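This one's a predicted model, so the numbers in the text were calculated from it and none came from an experiment. Every chain is numbered from 1 and lettered A, B, ... according to where its sequence line falls, protein lines coming before strand lines.
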Amino acid sequence: MNALSAADDLAHFRRGAVDLVEERDLAARLAKARAAGRGLRVKFGMDPSSPDLHVGHAVQLMKLRALQQAGHTIVLIVGDATAMVGDPSGRNKLRPQLSRADVEANLVTYTAQAGKVLDMTRTEVHRNSEWFDAMRFEDVLRLASKATVARMLERDTFEKRMEAKEPIGVHEFLYPLMQGWDSVMIRSDVELGGTDQLFNLLVGRDLQEKENQAPQICMTLPLINGLDGRKMSKSYGNAIAFTDSPAEMFGKVMSLRDDVMGDWFRLLTGLDEGEIATLLGGHFREAKARLGEEIASFFHGRDAGRAARDGFDRQFRDKELPTDIPVVEYAKPWPADGVPLAVLLREIGLCASSSDARRLIEGGGVKLDGAVVADVNARIARPTAELLLQAGKRKFAKLRAQ
RNA sequence: GGGGAGAUACCAAAGCGGCCAACUGGGCCAGACUGUAAAUCUGGUGGCUUAUGCCUUCGACGGUUCGAAUCCGUCUCUCCCCA
């Protein structure tokens with residue numbers, strides 16, 4: 001297939017991996033596949049329960065991309081059936097079951113976003129409803145009989161939830177089995193996941209063995225924590241999404257803790273170890289800015305990445321105003337005695353409510369044309385020119401009256 | 001099937017008849033400081049056209065009371081123990 005040496009081939013898999021069960025199996029299977037002139041089938045499941053991918057997913061996708069380029073077949077499973085259960089991994093709560101319609105909508109954006117990293121023309125995509133919809137209850141029972149309750153309770157997430165007296169739905173036990181069954185159906189050679197997925201991956205291995213297939217190799221990659229140190233998740237609001245603007249991406253990276261930078265460099269950029277070491281040995285702010293630029297550039301292109309960095313420097317380091325302040329037209333008629341500032345801030349969307357705006361003003365966070373407003377009850381007369389409004393550090397608007 | 005415990009704001013968790021828009025911690029927002037949207041410190045964290053005021057909130061619905069998150073009834077949901 002290509003001139004890769006066996007050692008290089010294996011190294012592609014090993015780089016960055018936390019668990020590799022079993023590495024010896026992998027070496028053997030890899031050699032066999034190469035001898036037959038093909039690559040391995042590498043499975044990765046995506047749970048379309050939240051609408052957008054974030055850089056936490058990118059860790060896995062970058063790995064898949066490298067493997068794809070090395071000639072392996074990537075099999076993407078969109079878990080539209082499993083999404084209706086909700087993966088118990090890393091959760092301490094029962095997750096709401098999603099409706100088909102929700103899943104359907106998420107699925108479209110998901111695959112499109114995955115295409116930002118993977119070559120989708122060479123990627124096999126399946127929804128697991130393809131096989132789960134065809135199952136009868138009898139089939140479900142048969143599948144459920146392949147694992148024991150004790151085995152399921154080994155999962156630390158279930159254990160923690162039991163201790164915390166949180167409810168656990170019976171259907172949640174089905175999740176690992178469903179994910180494992182996916183492996184059987186697509187005859188996967190390797191399944192990739194985050195470290196929190198190891199249990200699920202191993203269930204797939206067991207099931208394949210019971211179905212007389214060669215058990216898949218289970219490979220996990222480190223989880224990247226979100227901006228607040230918790231697991232990165234859109235629902236925690238601590239994620240950098242694929243759809244974030246370059247400026248958002250850069251800014252979020254700049255708010256990372258210094259000590260996680262190394263992981264981010266290794267897992268999300270193509271920089272080699274030597275360069276990473278040099279960066280981390282230098283000035284932290286510089287290193288972090290480089291990281292932000294790399295990430296913004298990967299998703300939006302070099303120019304956008306650089307522009308994001310420049311914009312951030314101007315706004316936060318040099319404390320200049322951003323260049324792209326939105327201009328807001330105030331459409332309503334302007335009362336003769338002016339508009340209360342708190343109300344104005346709400347109406348143009350700078351604050352969530354007028355009470356919120358009042359608090360901001362009391363805290364000294366509101367500026368009009370650069371001057372801090374001290375009076376909570378200030379009324380604003382109809383401006384003759386553009387009026388610059390600042391609510392906190394990040395929200396700006398130029399107001400124009402009708 | 002039997003017995004017990006519980007449901008409070010984004011999360012956790014106090015409050016158990018008026019002093020409660022509700023202690024405290026986390027998160028979040030803002031201010032100061034800074035290499036940063038880090039750390040630290042300080043303040044804030046239902047809504048209202050302007051407030052030592054008004055309106056809505058403590059699982060749901062009813063009731064008692066001058067007055068209820070707090071007492072009573074029914075319902076919904078959760079956890080634990082026994083079978």
Worksheet item: Looking across every strand, which nucleic acid part, if any, lies under 4.0 Å from A:Ser355 by heavy atom: base, sugar-phosphate, or nothing?
Response: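 It contacts base atoms.
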
Discussion item. What's A:Arg346 touching, base or sugar-phosphate or nothing? Going by heavy atoms closer than 4.0 Å.
Written reply: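 It contacts sugar-phosphate atoms only.
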
Worksheet, complete the sentence: For nucleotides 33-42 of chain B, 5' to 3', base contacts (B), sugar-phosphate-only contacts (S) and non-contacts (-) with protein non-hydrogen atoms under 4.0 Å give -BBBBS----

Using atom [atom1] of [X] as one end and atom [atom2] of [N] as the other, report the distance to the nearest whole Å.
| X | N | atom1 | atom2 | value |
| --- | --- | --- | --- | --- |
| A:Asp356 | B:A30 | CG | P | 10 Å |
| A:Leu344 | B:U49 | CG | C1' | 12 Å |
| A:Leu360 | B:C28 | CG | P | 17 Å |
| A:Trp334 | B:U49 | CH2 | P | 15 Å |
| A:Arg358 | B:G31 | CZ | P | 19 Å |
| A:Glu347 | B:U49 | CD | C1' | 9 Å |
| A:Ile361 | B:U45 | CD1 | C1' | 16 Å |
| A:Lys395 | B:C28 | NZ | P | 14 Å |

Does a nitrogen or oxygen in the side chain of [X] sit under 4.0 Å from OP1 or OP2 of [N]?
| X | N | result |
| --- | --- | --- |
| A:Ser354 | B:U49 | yes |
| A:Arg359 | B:C28 | no |
| A:Asn377 | B:U49 | no |
| A:Ser353 | B:C48 | yes |

If you measure from the [atom1] atom in [N] to the same atom in [M], how many Å do you get, rounded?
| N | M | atom1 | result |
| --- | --- | --- | --- |
| B:U49 | B:A39 | P | 35 Å |
| B:G63 | B:C48 | P | 31 Å |
| B:C29 | B:C71 | C1' | 39 Å |
| B:C33 | B:A38 | P | 15 Å |
| B:A21 | B:C75 | P | 32 Å |
| B:G17 | B:C72 | P | 11 Å |
| B:C19 | B:C55 | P | 15 Å |
| B:U24 | B:A13 | C1' | 8 Å |

Does [N] have a Watson-Crick or wobble partner in any strand here, with both distances under 3.5 angstrom, and which is it?
| N | answer |
| --- | --- |
| B:U40 | B:A32 |
| B:G59 | B:C75 |
| B:G67 | none |

Item to complete: Using the ring-ring contact (aromatic ring centres under 6.0 Å, His included) rule, collect all pairs that involve residues 285-315 of chain A, keeping only residues at least two apart or in two chains.
Response: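 Passing the test, one end in residues 285-315 of chain A: A:Phe242-A:Phe299, A:Phe250-A:Phe312, A:Phe312-A:Phe316.
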
Item to complete: Anything under 30° is parallel, anything over 60° is perpendicular, the rest tilted; go ahead and classify A:Trp131 against A:His126.
Response: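 Geometry flag for A:His126 against A:Trp131: tilted rings.
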
Worksheet item: RNA chain B: A:Gly364 or A:Ala378, which has the more 5' nearest nucleotide?
Response: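 Here A:Gly364 is the residue nearer the 5' end.
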
Discussion item. Nearest heavy atom decides the nucleotide; on that basis, is A:Gly338 or A:Gly363 closer to the 5' end of RNA chain B?
Written reply: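 Whichever sits nearer the 5' end wins; that is A:Gly363.
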
Looking only at side chains, do [X] and [Y] share a donor and an acceptor under 3.5 Å apart?
| X | Y | result |
| --- | --- | --- |
| A:Glu191 | A:Gln179 | yes |
| A:Glu124 | A:Thr73 | no |
| A:Ser183 | A:Gln208 | no |

Worksheet item: Do other residues, nucleotides or ligands put more than 12 heavy atoms under 6.0 Å from A:Lys32 NZ?
Response: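 Not more than 12 within 6.0 Å, no.
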
Fill in: Exceeds 12 heavy-atom contacts within 6.0 angstrom, atom CG of A:Asp303
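Not buried by this count: 12 neighbours or fewer within 6.0 Å.
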
Worksheet item: Quick check: does any side chain N or O of A:Arg400 sit under 3.5 Å from a backbone N or O of A:Val327, one acting as donor and the other as acceptor?
Response: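 Judged by distance alone, no pair lies under 3.5 Å.
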
Worksheet item: Would you call A:Arg309 and A:Glu286 a salt bridge, using N to O less than 4.0 angstrom?
Response: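 Judged by the 4.0 Å cut-off on N to carboxylate O distance, A:Arg309 and A:Glu286 do form a salt bridge.
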
